[in-house]
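The structure under discussion appears below in the form of structure tokens.
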Amino acid sequence: GANLGNVRGGDFGQAHSIIEKNCTKCHTADRIDSALTSGKDMFKIQKEMEKRGATLNSNEQEVLGIYWKRPNPLKQ
């Protein structure tokens, strides 16, 4: 898609930056990819991680919300 909220033109680099900055502090991107591959509800996991101390601003939440909907989002 050309216009996916804060993710434009199919460029998901911003989502990768958010994951690198916020998610990989505690675990690897491979763990996130494994959860995606297993069909886990990434929105639910994101909310659980926020309860555990992960902080995401509204822009980051919007970008990841769109990103999680892609098939295999961590695969470039």
Side-chain angles (χ1 to χ4, degrees):
N3 182 352
L4 301 172
N6 287 312
V7 182
R8 307 236 184 260
D11 177 11
F12 289 90
Q14 188 176 5
H16 286 270
S17 293
I18 295 166
I19 291 168
E20 182 69 29
K21 177 183 146 201
N22 295 292
C23 306
T24 60
K25 289 179 183 178
C26 298
H27 47 74
T28 67
D30 287 339
R31 185 167 183 180
I32 298 165
D33 194 30
S34 178
L36 285 162
T37 302
S38 298
K40 297 204 182 226
D41 182 341
M42 296 307 292
F43 181 74
K44 184 177 176 181
I45 292 172
Q46 177 182 317
K47 291 300 173 192
E48 183 62 33
M49 293 302 105
E50 289 178 60
K51 288 179 187 175
R52 293 181 183 193
T55 55
L56 298 170
N57 64 38
S58 61
N59 178 62
E60 292 168 332
Q61 290 173 350
E62 180 183 357
V63 169
L64 289 179
I66 294 164
Y67 189 66
W68 299 139
K69 293 177 185 175
R70 288 188 69 220
N72 300 318
L74 290 180
K75 302 292 182 200
Q76 299 248 4

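Below, all heavy atoms of this structure are taken into account, side chains as well, without hydrogens, waters or symmetry copies.
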Query raised in the report: Could you state the interatomic distance from NZ (Lys44) to CE (Met49), rounded to the nearest 0.5 Å?
Result: 11.5 Å

**Report entry** Electrostatic pair Glu48-Arg52, nearest N-O below 4.0 angstrom
**Finding:** yes

Query - Nearest-0.5 Å distance, OH of residue Tyr67 to CD of residue Gln14 - result: 11.5 Å

Report task. Search all heavy atoms of Trp68 against all heavy atoms of Phe43 and return the closest pair with its distance. Result -> CD1-N, 4.2 Å

Query raised in the report: More than 12 heavy atoms of other residues, nucleotides or ligands under 6.0 Å from CD of Glu20: is that the case?
Result: no

Requested in this report: Indicate the atoms forming the closest heavy-atom contact of Thr55 with Glu60, along with that distance.
Outcome: O-OE1, 3.9 Å

Report summary line: To the nearest 0.5 Å, atom CD of Gln46 lies from atom CG of Asn22 at 9.5 Å

Requested in this report: Might you point out which heavy atoms bring Ile45 and Ala35 nearest each other, and give the distance in Å?
Outcome: CD1-CB, 4.2 Å

Requested in this report: Answer whether the closest heavy-atom distance between the side chains of His16 and Ile19 falls below 4.5 Å.
Outcome: no

Query raised in the report: Which residues pass the salt bridge (charged side-chain N to carboxylate O under 4.0 Å, His left out) test with Lys40, sequence neighbours left out?
Result: none

Query raised in the report: For the side chain of Ser34 and the backbone of Asp30, is there at least one donor-acceptor N/O pair under 3.5 Å apart?
Result: no

Query raised in the report: Hey, what do you get for CD (Gln61) to NZ (Lys47), rounding to the nearest 0.5 Å?
Result: 4.5 Å

**Report entry** Atom of Cys23, atom of Ile32 and distance for their closest heavy-atom approach
**Finding:** CB-CD1, 3.6 Å

Report task. Can you measure from CG (Asp41) to CG (Leu36) and round to the nearest 0.5 angstrom? Result -> 10.5 Å

Query - Value rounded to 0.5 Å, distance of CD in Glu62 from CG in Asn57 - result: 10.0 Å

